[in-house]
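Below, chain A is the first sequence line, B the second, and so on; all start at residue 1.
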Number of protein chains: 2
Amino acid sequence: MSEPQTAGPQLSRGEFGLLILGLLGRREMYGYEIVAELRRSSEGAIDLPEGTVYPALRRLERDGLIGGHWVEVAGGAPRRRYYRLTTQGEKALALGREDWLRFKSAADAVLGS
Amino acid sequence: MSEPQTAGPQLSRGEFGLLILGLLGRREMYGYEIVAELRRSSEGAIDLPEGTVYPALRRLERDGLIGGHWVEVAGGAPRRRYYRLTTQGEKALALGREDWLRFKSAADAVLGS
DNA sequence: CAGACTACCTAGAGTCTCTAGGTACGGGCG
DNA sequence: CGCCCGTACCTAGAGACTCTAGGTAGTCTG
């Protein structure tokens with residue numbers, strides 16, 4: 001699976017992963033923040049539970065698309081694991097955006113919206 | 001699932017089911033035809049294997065969203081199972097379209113496209 | 001006769017999402 | 001003080017879906 005065209009998994013496989021990459025394309029963020037930011041910047045339409053986001057972050061890191069590092073926070077607050085896109089992650093985001101655009105107009109064509 | 005808002009599964013769960021409902025909203029179709037029509041009307045962007053479509057049809061029928069009936073074809077050709085939307089399926093399609101529109105603009109907001 | 005095409009089907013592996021918790025610390029409130 | 005809320009991380013397990021890789025069966029074509 002490497003051809004960016006019609007073959008392979010069809011989006012909706014790792015779609016939320018793409019959304020996370022999209023956020024991290026803006027700036028470094030940590031998991032808990034991603035949950036809130038996803039909700040905020042989608043105006044509540046996307047509200048992923050932590051149990052979805054944390055495993056997704058681990059997968060993305062395992063696959064080399066993002067890199068994480070721990071940051072201690074003053075005042076005894078819980079430490080945060082900040083993530084940023086790797087070079088590979090930036091490529092994946094660019095490809096993912098294309099896939100998304102393709103899928104979007106395809107679905108619109110099918111759904112007639 | 002009943003609240004049309006933020007709760008519950010986030011689309012991308014049963015997304016292809018929605019696409020199938022979208023096709024069947026136009027006219028009656030059978031499985032093999034759906035595979036081809038999905039490919040055609042999405043201009044190749046969506047190309048689901050039969051192993052995805054047939055189980056999806058069974059689920060949709062099991063859940064009462066579509067109804068199927070066998071049609072014999074002249075000339076010894078394989079019989080076809082035609083499906084159409086039930087009343088419940090039409091409702092689900094309408095709700096699904098709304099979900100899709102919401103998800104689409106949310107994802108666009110996140111991805112910046 | 002081999003191969004392609006129509007049409008249906010399944011089992012099993014793999015992946016993802018979500019529920020439902022748990023850990024730990026600090027602050028506010030009665 | 002006890003309790004709950006908020007921050008921030010985590011996991012196990014169930015459930016759902018997608019895909020691969022087949023299989024069946026008949027027809028048609030070279």
According to a strict under-4.0 Å criterion, is A:Y32 in side-chain N/O contact with OP1 or OP2 of D:dT7? yes
With heavy-atom distances below 4.5 Å as the criterion, would you say the side chains of A:R97 and A:L18 are in contact? no
Describe the nucleic acid contact of B:G31 in one word from base, sugar-phosphate, nothing, applying a heavy-atom distance below 4.0 Å. sugar-phosphate
If you check every side-chain atom of A:W70, which of C:dT6, D:dC10, D:dC17 has the closest atom? D:dC10
Mind checking whether B:F16 and A:F103 have parallel, tilted or perpendicular rings, split at 30° and 60°? tilted
Take the protein atom CD of B:E72 and the nucleotide atom P of D:dA25, then report the distance between them rounded to whole Å. 16 Å
Out of D:dC9, C:dT10, C:dA7, which has the shortest distance to the side chain of B:P55? C:dT10
Measure from CD on B:E50 to P on D:dG23 and round the result to the nearest Å. 14 Å
Any side-chain N or O of B:R59 under 4.0 Å from OP1/OP2 of D:dT18? yes
Provide, to the nearest angstrom, the distance between the CG atom belonging to A:D63 and the P atom belonging to C:dG14. 16 Å
Any A:R102 side-chain heavy atom under 4.5 Å of B:I46 side chain: no
Specify the residue among A:V73 and A:R58 whose closest nucleotide of DNA chain D lies further upstream toward the 5′ end. A:V73
Rounded off to whole Å, could you give me the CD-to-C1' distance for the A:E33 and D:dT7 pair? 12 Å
Is any side-chain N or O of B:E15 under 3.5 Å from a base N or O of D:dC17, one able to act as donor and the other as acceptor? no
Where the side chain of A:Y54 is concerned, which of D:dT7, C:dA7, D:dC10 is the nearest nucleotide? D:dC10
Could you walk me through whether B:D108 and A:W100 pass the side-chain contact (heavy atoms from CB on, under 4.5 Å) test, one step at a time? CA-CA 9 Å; B:D108 278 340; A:W100 165 243; 2.9 Å; yes
Whole Å only: how far is the CZ atom of B:R79 from the P atom of D:dT27? 15 Å
Are B:V71 and B:R79 packed together at the side-chain level, in the sense that at least one heavy-atom pair is separated by less than 4.5 angstrom? no
Under a 4.5 Å cut-off applied to non-hydrogen side-chain atoms, are B:L85 and B:L21 in contact? yes
Could you give the CG-to-C1' distance, from B:L57 to C:dT10, as a whole number of Å? 15 Å
Starting from P on C:dA7, measure out to CG on B:L48 and report it in whole angstrom. 18 Å
Which atom pairs, donor and acceptor, lie under 3.5 Å between side-chain atoms of residues 48-67 of chain A and protein residues at least two apart or in another chain?
residue: A:E61; atom: OE2; partner: A:G68; partner atom: N; Å: 3.2
residue: A:E61; atom: OE2; partner: A:R81; partner atom: NH2; Å: 2.8

Rounded to whole Å, CG of A:D47 lies from C1' of C:dC18 at a distance of 12 Å
Of the nucleotides D:dC19, D:dC9, C:dT6, which has the atom closest to the A:Y30 side chain? D:dC9
For B:G51, which contact category applies under a 4.0 Å heavy-atom criterion: base, sugar-phosphate, or nothing? base
Picking from C:dT17, D:dC9, D:dA8, the nucleotide nearest the side-chain atoms of A:R80 would be D:dA8
Show me the side-chain donor-acceptor pairs of residues 26-36 of chain B shorter than 3.5 Å, one per line, residues at least two apart or across chains.
residue: B:R26; atom: NH2; partner: A:A109; partner atom: O; Å: 3.0
residue: B:R26; atom: NH2; partner: A:V110; partner atom: O; Å: 3.4
residue: B:R27; atom: NH1; partner: B:E33; partner atom: OE2; Å: 2.8
residue: B:E28; atom: OE2; partner: B:H69; partner atom: NE2; Å: 3.2
residue: B:E28; atom: OE2; partner: B:R84; partner atom: NE; Å: 3.0
residue: B:E28; atom: OE2; partner: B:R84; partner atom: NH2; Å: 2.5
residue: B:E33; atom: OE1; partner: B:Y30; partner atom: N; Å: 3.2

What stems, by residue range, does DNA chain C take part in, given at least 3 consecutive Watson-Crick or G-U pairs under 3.5 Å? C:1-30 with D:1-30
